[in-house]
Amino acid sequence: MPTTTVTPSPTTGAHLEFDGKSVVLPMINGSEGEIGIDIQALRAKTGAITLDPGYGNTGSCRSSITFIDGEKGILRYRGYPIEELAEMSTFLEVAWLLIYGELPTAEELARFSKEITYHTLLHEDFVRFFQAFPKDAHPMPVAAASVAALATFYQQPETDKSIQDAVLRLIAKMPTIAANAYKHSTGQPFIYPNNSLDYSSNFLRMMFATPCEEYTVDPVLSRAVDLLLILHADHEQNCSTSTVRMVGSSRANLFASISAGISALWGPLHGGANQQVIEMLERIEAEGGDAQKFVDRAKDKKDNSRLMGFGHRVYKNYDPRAAILKKSCASVLNKLGIRSRRLEIAMKLEEIALKDDYFITHKLYPNVDFYSGIIYQALGVPVNMFTVMFTLGRLPGWIAQWLEMRRDPDTRICRPRQIYTGAVQRSYAPITSRTGRA
Ligand code: CMC
């Protein structure tokens with residue numbers, strides 16, 4: 001067996017000795033002190049590759065958009081703490097920050113908001129497109145398909161101007177697409193955007209107004225939506241964002257790349273967890289509200305239940321977004337005069353889990369999805385729309401990451417390698433000579 005040793009050194013690099021070969025790999029330092037070993041020369045110099053299922057130790061890019069310190073529970077967009085943005089900014093302001101790198105001036109924000117407003121309508125042919133989906137279609141694949149279909153309406157060759165137009169169109173049309181996906185599932189007619197409303201209020205109205213009844217947007221609700229969107233706006237190289245970058249690395253257009261990101265987000269271990277959390281709380285409630293019993297099941301390796309909304313690949317501490325949402329959840333329900341049995345069960349689950357040895361040793365804390373569903377329910381958002389809400393929020397992050405990837409001179413098409421473990425070469429056997437497999 002060949003022996004391998006890696007000795008990181010901040011000055012001289014990481015010295016890797018492998019099977020009689022030796023290579024010095026450069027060290028890369030991030031602005032917050034994190035250290036990486038640049039392995040780009042590894043295969044050429046040693047013939048070996050790395051193996052890292054789930055990429056837990058693999059940096060796929062350099063990025064200046066979002067910083068997370070999972071051990072300390074820190075999240076910053078472009079250097080600004082999530083707590084400050086959540087308290088003081090708006091979603092469109094955060095979208096600008098993520099995409100263009102700085103907080104906008106009043107004039108820039110006004111221009112951006114106006115441009116977004118200008119593009120909120122969908123082409124009328126989209127109505128026929130929506131009609132083709134079954135009535136009970138989950139709104140996530142409807143959203144993914146709709147965003148992919150935008151590429152058929154805007155087929156301009158890629159230039160800085162056409163990319164900028166695509167950015168504006170995506171941010172502007174996503175609430176319209178999301179609300180239409182919902183309206184389609186209820187069989188109600190689509191409600192056109194009202195451009196006198198702000199981003200989140202416009203979305204709520206498109207969701208809940210009908211041709212027979214106007215919907216007056218409660219500022220408490222629209223602020224709650226804006227906050228949720230801010231908290232979801234970016235989260236560095238998570239599964240869906242890495243998907244957006246990976247698809248975009250083939251030079252696929254922005255619409256196609258974002259559509260792929262929406263599909264990745266749908267999974268129950270990623271954005272789909274918010275739907276799973278509420279379904280879990282409903283199940284516990286229906287079974288009599290015994291939180292301890294569910295925590296015990298989540299720990300039992302023979303039972304494949306997990307405590308949904310708990311645990312995170314990066315956070316080994318309380319997810320700062322969950323801390324903000326927990327407070328907001330209580331305050332929104334209070335302002336709306338709603339008493340939620342599900343919030344009570346969630347808080348009990350959290351209390352039990354945070355004292356439990358399994359959750360402590362595994363460093364499992366509530367994540368962003370743990371409390372978000374309870375707020376969505378209070379807003380009247382149906383359960384199968386929860387992950388679409390996550391999509392609305394994550395959109396500017398995906399866009400910023402896609403743009404950064406495209407502008408990075410180091411970007412190459414993403415093409416991981418593998419350690420092949422299949423059959424070694426063998427000869428084709430004619431079908432008549434094959435014996436049956438037991
Ligand atoms: N409940 C019970 N046990 C858990 C949980 C959980 N929610 N999460 C992880 N574990 C255990 C897991 O069984 C394993 O135990 P052991 O080492 O004894 O076999 C250990 O913790 C490590 O788990 P893992 O699956 O290897 O960790 P990961 O980093 O690959 O997965 C995760 C992270 C978020 C997929 C996982 O914690 C999970 O499934 N959580 C529930 C789903 C969820 O809430 N997802 C939303 C994530 S936040 C929103 C987003 O950005 O997508």
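All heavy atoms count here, side chains included; hydrogens, waters and symmetry mates do not. Numbering of residues begins at 1 and proceeds along the displayed sequence. Whatever order the structure lists ligands and atoms in, that order sets their numbers, starting from 1.
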I'd like to know if atom 40 (N) of ligand 1 has any protein heavy atom within a distance of less than 4.0 Å.
yes
Part of His362 with heavy atoms under 4.0 Å of ligand 1, whether side chain, backbone, both or neither
side chain
If you count the atoms of ligand 1 from 1 in the order shown, which ones are under 4.0 Å from a heavy atom of Leu269?
39 (O), 45 (N), 46 (C), 47 (C)
Checking side-chain polar atoms at under 3.5 Å, does Gln292 have a donor or acceptor matched by the opposite partner on Asp296?
yes
Any idea which protein heavy atom is nearest atom 42 (C) of ligand 1, and the distance to it?
Met308 CE, 3.5 Å
Look up atom CD in Glu108 and atom CH2 in Trp96, then write down how far apart they are to the nearest 0.5 Å.
4.0 Å
Phe130-Phe190 aromatic ring centre distance below 6.0 Å:
yes
Please check if any side-chain donor atom of Ser240 sits under 3.5 Å from a side-chain acceptor atom of Asn238, or the reverse.
yes
Where's the contact between Val277 and ligand 1, heavy-atom distance under 4.0 Å: side chain, backbone, both or neither?
neither
Give the numbers and elements of all ligand 1 atoms closer than 4.0 Å to a heavy atom of Gly311.
34 (C), 37 (O)
If I apply the N/O under 3.5 Å rule, does Arg313 come out as touching ligand 1?
yes
Is it the case that ligand 1 has an N or O less than 3.5 angstrom from some N or O of Leu307?
yes
Check whether the side chains of Glu236 and Thr241 place a donor and an acceptor atom closer than 3.5 Å, and report yes or no.
no
Using the rule given for ring pair (Phe, Tyr, Trp, His ring centres under 6.0 Å), can you reason through Tyr315 versus Tyr365, listing the C-alpha separation, both sets of side-chain angles and the distance that settles it, and then say yes or no?
CA-CA 8 Å; Tyr315 292 118; Tyr365 294 86; 9.8 Å; no
Quick test: of every protein heavy atom, which one is nearest to atom 23 (O) of ligand 1, and how far off is it to 0.1 Å?
Arg306 NH2, 4.0 Å
Answer with side chain, backbone, both or neither: which part of Asn367 has a heavy atom less than 4.0 angstrom from an atom of ligand 1?
side chain
Less than 3.5 Å apart, any donor N or O on the side chain of Ser331 or Asn334 sitting next to an acceptor on the other?
no
Answer yes or no: does an N/O atom from Gly309 fall short of 3.5 Å to an N/O atom of ligand 1?
yes
Mind checking whether Lys301 contacts ligand 1 via backbone (N, CA, C, O), side chain (CB onward), both or neither, at a 4.0 Å heavy-atom cut-off?
side chain
Could you list which atoms of ligand 1 come closer than 4.0 Å to a heavy atom of Ala273?
43 (C), 44 (O), 45 (N), 46 (C)
At what distance is the nearest protein heavy atom to atom 5 (C) of ligand 1, and which residue and atom is it?
Leu364 CD1, 3.8 Å
Scan side-chain atoms only and decide if Thr387 and Asn274 contain a donor-acceptor pair under the 3.5 Å cut-off.
yes
Residue pair Trp402 / Ser257, side-chain donor-acceptor N/O under 3.5 Å
yes
Of all the heavy atoms in Tyr358, does at least one lie under 4.0 Å from an atom in ligand 1?
yes
Between Glu350 and Tyr371, do the side chains contain a donor N or O and an acceptor N or O under 3.5 Å apart?
yes
Indicate whether any N or O donor in one side chain lies under 3.5 Å from an N or O acceptor in the other, for Arg245 and Gln237.
yes
Any Gly54 heavy atom less than 4.0 Å from ligand 1:
no
Atoms of ligand 1 close to His270 [distance to a heavy atom under 4.0 angstrom, numbered from 1]:
46 (C), 50 (C), 51 (O), 52 (O)
Taking all atoms of both residues into account, what is the closest heavy-atom pair of Arg223 and Ser89, and its distance?
NH1-O, 3.1 Å
So, is Lys316 polar-close to ligand 1, with some N/O to N/O distance under 3.5 Å?
no
Asp369: heavy atom below 4.0 Å from ligand 1, yes or no?
yes
Would you mind listing which atoms of ligand 1 come within a distance below 4.0 Å of any non-hydrogen atom of Ala298?
2 (C)
Under 3.5 Å, N or O to N or O, is Val368 touching ligand 1 that way?
no
Sub-4.0 Å protein heavy atom next to atom 46 (C) of ligand 1
yes
Would you say atom 27 (O) of ligand 1 touches the protein, meaning some protein heavy atom is under 4.0 Å from it?
no
If we ignore angles and hydrogens, is there a donor and acceptor under 3.5 Å between the side chains of Thr120 and Asn195?
yes
